[in-house]
Amino acid sequence: MTASLLWKRIWRHRLFYLFLLPGIVWFFIFSYVPLFGIQVAFRDFRFTGGFTGSPWAGLKYFRQFFDYYLAGDLIRNTLIISAMKLIVGFTMPIVLAILLNEVRSLKFKKTVQTLSYLPYFVSWVVVVTLMQRLLTPYGGPVNDFLVASGAVKDPIQFLNNTTWFYQIIVGSDVWKNIGWNSIIYMAAIAGIDQQLYEAAKIDGAGRFRQIWHVTLPGIRGISVILFILATGSLMSAGFEQLLLLNGPATAAIGSVLDVHVINSGISEGRLSYAAAVGLFQSVIALILILTVNRIARKVSDVSLF
């Protein structure tokens, strides 16, 4: 299609394209205008000089970060926690969507859907407070049940414990987001042609083989797209959750880049340093997305672009 023909079509349907205008304006204001502030990472930012009046510092703050004695630990902890969240958090919504699709009781299905969506709208402050009440070894219902049932002899210190730290982080993340993340998969499953299921039944396929040969291939495309997008968060383990659940006892495995950026920028007032670390995270995330997108295009013919 030539450029002139494309513009003629756009002009012909100009009223429909107007509906895009609010989204484009929002995207430009909140996604592109803030890019102007990236230069802070390369300047000795001073409030009196502002973005453009502060002196240039080059790569000074990037070198500071890589010379920081905990930089390696921060990157390693971020990658480990993000990878575990990606593997478990990406898989569980697919499992939930498939299981709900197999439920024949509409009332039960809607009840489970509603209960699984609710945690997404609860803030991490409330989630962590709830976990502290449930998991405390001093009268918490979870420990009371485990001791009463004979599963353990003494109450377990779940929080601020390196033994249970990763399980708590990944488990709470899955609990909070599994319902919301399953919505797209349920929509994709609903769009699968029902005649494929009927044909599978005629061929003698049971429920499991229908899932394997019809449902999973039907959501393969959207799964690949969401996985590519999810890899962009590998350098971001989650600020609020790690800030609230990480403590001195788990600092060795729970200190991540997100919390380090906020502490450096807000608590210590080192805005240029925090911007440099944040920019480093963004560049790595972009490289990851481009790499995984290229691999996905070669392996499955599904990609973002």
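Throughout, residue positions are numbered sequentially from 1 according to the sequence presented.
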Mind listing the side-chain donor-acceptor pairs of residues 273-290 below 3.5 Å, one per line with the distance, residues two or more places apart or on another chain?
unit_1, atom_1, unit_2, atom_2, d
Tyr273, OH, His260, NE2, 2.9
Gln281, NE2, Met235, O, 2.5
Ser282, OG, Gly278, O, 3.1

- Note on the structure: For Trp180, the ring-ring contact (aromatic ring centres under 6.0 Å, His included) test, sequence neighbours excluded, returns Tyr120, Phe121

Mind checking whether [X] and [Y] sit in one hydrophobic cluster, side chains of I, L, V, M, F, W, Y counted as touching below 4.5 Å?
| X | Y | value |
| --- | --- | --- |
| Trp11 | Leu18 | no |
| Ile219 | Leu304 | yes |
| Val170 | Val259 | yes |
| Val88 | Tyr185 | no |
| Ile262 | Val125 | yes |

Report the distance from atom [atom1] of [X] to atom [atom2] of [Y], rounding to the nearest 0.5 Å.
| X | Y | atom1 | atom2 | value |
| --- | --- | --- | --- | --- |
| Tyr61 | Phe42 | OH | CZ | 12.5 Å |
| Thr291 | Ile228 | OG1 | CD1 | 11.0 Å |
| Arg220 | Ile222 | CZ | CD1 | 12.5 Å |
| Ile94 | Ile178 | CD1 | CD1 | 10.5 Å |
| Ser182 | Ile189 | OG | CD1 | 9.0 Å |

- Message: One pair to check against side-chain contact (heavy atoms from CB on, under 4.5 Å): Leu74 and Ser255. What are the steps and the verdict?
- Response: CA-CA 6 Å; Leu74 292 171; Ser255 297; 3.8 Å; yes

- Message: Show, in sequence, the C-alpha distance, side-chain angles and deciding distance for Val147 and Val152, and conclude whether the side-chain contact (heavy atoms from CB on, under 4.5 Å) test is met.
- Response: CA-CA 5 Å; Val147 173; Val152 297; 4.0 Å; yes

- Query: Do the charged groups of Asp73 and Arg76 touch, with an N to O distance under 4.0 Å?
  - Reply: yes

- Compare every heavy atom of Ala237 with every heavy atom of Leu242, then report the nearest pair and how far apart it is. CD2-O, 3.7 Å

- Task: Might you point out which heavy atoms bring Lys176 and Pro119 nearest each other, and give the distance in Å?
- Result: CG-O, 3.3 Å

- Query: Just wondering, more than 12 heavy atoms not from Arg207 lying within 6.0 Å of its CZ?
  - Reply: yes

- Message: Are there over 12 heavy-atom neighbours, none belonging to Ile225, within less than 6.0 Å of that residue's CD1?
- Response: yes

- Item | Any donor-acceptor N/O pair, Gln210 side chain to Ala205 backbone, under 3.5 Å | yes

- Task: Kindly determine whether Tyr68 and Gln64 satisfy side chain to side chain donor-acceptor pair (under 3.5 Å), including the steps that lead there.
- Result: CA-CA 6 Å; Tyr68 180 45; Gln64 275 191 11; over 6 Å; no

- Query: Can you list the steps and then say if Thr215 with Tyr197 is a side chain to side chain donor-acceptor pair (under 3.5 Å)?
  - Reply: CA-CA 9 Å; Thr215 306; Tyr197 288 105; 2.6 Å; yes

- Query: When the ring planes of Tyr32 and Phe28 are compared, do they come out parallel, tilted or perpendicular, using 30° and 60° as the limits?
  - Reply: parallel

- Query: Should side-chain heavy atoms under 4.5 Å link Ile, Leu, Val, Met, Phe, Trp and Tyr, which residues sit in the same cluster as Ile87?
  - Reply: none

- Do Lys85 and Ile169 touch side chain to side chain, with heavy atoms closer than 4.5 Å? yes

